[in-house]
Amino acid sequence: MACIFGDIMKIDTTGASEMTANWEKLTIKGVEGSKQLAEHDLARMEKYKGIITNVASAKKMDPSVIAAIISRESRAGAALKDGWGDHGIGFGLMQVDKHYHTPLGEWDSEMHITQATEILIDYIQAVKAKFPQWSLEQQLKGGISAYNAGVKNVRSYAQMDFGTTGDDYGNDVVARAQWFKSKGY
């Protein structure tokens with residue numbers, strides 16, 4: 001299934017920042033650090049693969065991107081307490097922020113992943129409108145970054161992650177997505 005938002009494998013990425021690596025108690029950062037984090041989440045992620053695939057197909061989104069956001073946001077559910085993270089602000093596997101959205105479904109449901117993927121798509125479309133000259137892949141990466149910190153935070157391609165959690169959100173998610181893609185997502 002082709003993603004209408006661009007090819008994740010064509011996106012440049014620096015991977016996890018030193019800050020993210022430190023939070024996760026990794027000794028390496030960058031793309032290798034992101035790959036280690038994704039690999040650590042793979043066994044838990046397999047439980048959601050069917051739902052991820054269904055939503056990805058329905059929304060024309062690359063399933064590896066959904067898996068990577070789930071990995072980054074909730075460690076495939078391991079970082080959640082009763083479905084909530086971020087001190088009770090973020091809901092579900094993809095951490096829908098209750099301050100901006102009314103969470104739908106159970107924390108690990110297809111309804112939740114559909115809602116979060118629609119939010120991601122809205123951000124990609126907003127980045128596309130803001131930067132129509134960017135390639136599909138640049139717009140996809142910008143939308144991923146905006147999923148964490150909002151469209152206003154995306155001011156240039158080179159610095160889109162400044163102001164995101166760990167100052168690496170888009171780069172880390174892209175690196176994780178590329179790894180998940182290699183694992184059949």
Side-chain angles (χ1 to χ4, degrees), residues 1-17 20 31 34 38 45 48-49 51-74 76 86 90-105 109-181 185:
M1 194 261 335
C3 171
I4 63 170
F5 302 101
D7 183 348
I8 196 71
M9 300 307 287
K10 291 181 180 175
I11 300 177
D12 61 299
T13 180
T14 56
S17 67
T20 295
V31 173
S34 294
M45 195 69 69
Y48 308 113
K49 190 170 186 178
I51 294 172
I52 292 167
T53 302
N54 289 346
V55 173
S57 179
K59 298 298 173 183
K60 310 250 185 304
M61 177 56 64
D62 191 319
S64 70
V65 173
I66 296 172
I69 290 174
I70 290 171
S71 174
R72 170 68 186 233
E73 290 287 347
S74 71
D86 195 19
F91 178 75
L93 292 170
M94 294 178 74
Q95 291 291 279
V96 171
D97 187 319
K98 72 178 186 180
H99 291 145
Y100 299 99
H101 308 279
T102 301
L104 302 176
S109 68
E110 187 164 332
M111 184 182 288
H112 162 69
I113 293 175
T114 297
Q115 178 189 26
T117 301
E118 288 171 348
I119 292 166
L120 172 64
I121 290 167
D122 288 346
Y123 281 124
I124 294 166
Q125 299 295 5
V127 168
K128 185 177 190 167
K130 187 173 179 178
F131 298 103
Q133 72 281 12
W134 285 8
S135 70
L136 285 177
E137 287 74 21
Q138 290 172 318
Q139 292 166 348
L140 174 58
K141 187 177 180 183
I144 292 168
S145 182
Y147 185 84
N148 177 257
V151 176
K152 287 181 182 174
N153 194 70
V154 180
R155 293 178 293 277
S156 73
Y157 185 75
Q159 298 183 330
M160 71 173 63
D161 274 347
F162 292 140
T164 66
T165 305
D167 288 331
D168 69 347
Y169 191 88
N171 279 290
D172 183 32
V173 168
V174 167
R176 292 185 200 212
Q178 291 171 345
W179 187 85
F180 278 114
K181 187 89 165 166
Y185 281 83

In Å, rounded to the nearest 0.5 Å, how long is the span from [atom1] of [X] to [atom2] of [Y]?
| X | Y | atom1 | atom2 | result |
| --- | --- | --- | --- | --- |
| S135 | I11 | OG | CD1 | 7.5 Å |
| I51 | M111 | CD1 | CE | 11.5 Å |
| I119 | H101 | CD1 | NE2 | 4.0 Å |
| D122 | T117 | CG | OG1 | 11.0 Å |
| D86 | K98 | CG | NZ | 10.0 Å |

Without swapping roles, check the side chain of [X] against the backbone of [Y] for a donor-acceptor pair under 3.5 Å.
| X | Y | value |
| --- | --- | --- |
| S57 | T53 | no |
| T164 | S145 | no |
| S71 | A67 | no |
| Q115 | L104 | yes |

Below 4.5 Å, heavy atoms only, C-beta onward: do [X] and [Y] meet side chain to side chain?
| X | Y | answer |
| --- | --- | --- |
| N171 | K141 | yes |
| Q139 | F5 | no |
| L140 | K10 | no |
| M61 | V55 | no |
| D161 | T14 | no |
| I8 | S64 | yes |
| M45 | F180 | yes |

Write down the atom of [X], the atom of [Y], and the distance for their closest heavy-atom approach.
| X | Y | value |
| --- | --- | --- |
| S17 | G166 | OG-O, 2.8 Å |
| A129 | P132 | O-CD, 3.5 Å |
| F91 | P103 | CD2-CB, 3.3 Å |
| S34 | A16 | OG-N, 2.9 Å |
| G142 | W134 | CA-CZ3, 4.4 Å |
| D62 | A56 | C-CB, 4.3 Å |

Kindly list each side-chain donor-acceptor pair under 3.5 angstrom involving residues 147-158, sequence neighbours excluded, with atom names and distances?
residue: Y147; atom: OH; partner: M94; partner atom: O; Å: 2.7
residue: N148; atom: OD1; partner: T165; partner atom: N; Å: 2.9
residue: N148; atom: OD1; partner: T165; partner atom: OG1; Å: 3.4
residue: N148; atom: ND2; partner: T165; partner atom: OG1; Å: 3.2
residue: N153; atom: ND2; partner: M160; partner atom: O; Å: 3.3
residue: N153; atom: ND2; partner: F162; partner atom: O; Å: 2.9
residue: R155; atom: NH1; partner: N153; partner atom: O; Å: 3.3
residue: S156; atom: OG; partner: Q159; partner atom: N; Å: 3.2
residue: Y157; atom: OH; partner: D12; partner atom: OD1; Å: 2.6

Exercise. Are there more than 12 heavy atoms of other residues, nucleotides or ligands under 6.0 Å from atom CE of M9?
Worked result: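 Buried by this count: over 12 neighbours within 6.0 Å.
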Exercise. Is the number of heavy atoms from other residues, nucleotides or ligands within 6.0 Å of NZ (K130) greater than 12?
Worked result: yes
Exercise. With the threshold set at 4.0 Å, does a side-chain nitrogen-carboxylate oxygen contact exist between R72 and D168?
Worked result: yes
Exercise. Between the side chains of D172 and T20, is a donor N or O closer than 3.5 angstrom to an acceptor N or O?
Worked result: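 T20 and D172 do not have a side-chain donor-acceptor pair below 3.5 Å.
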Exercise. Picking from V173, I52, V65, what satisfies side chain to side chain contact (heavy atoms under 4.5 Å, CB included) with I70?
Worked result: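 Testing I70 for a side chain to side chain contact (heavy atoms under 4.5 Å, CB included) against V173, I52, V65 leaves exactly one candidate, I52.
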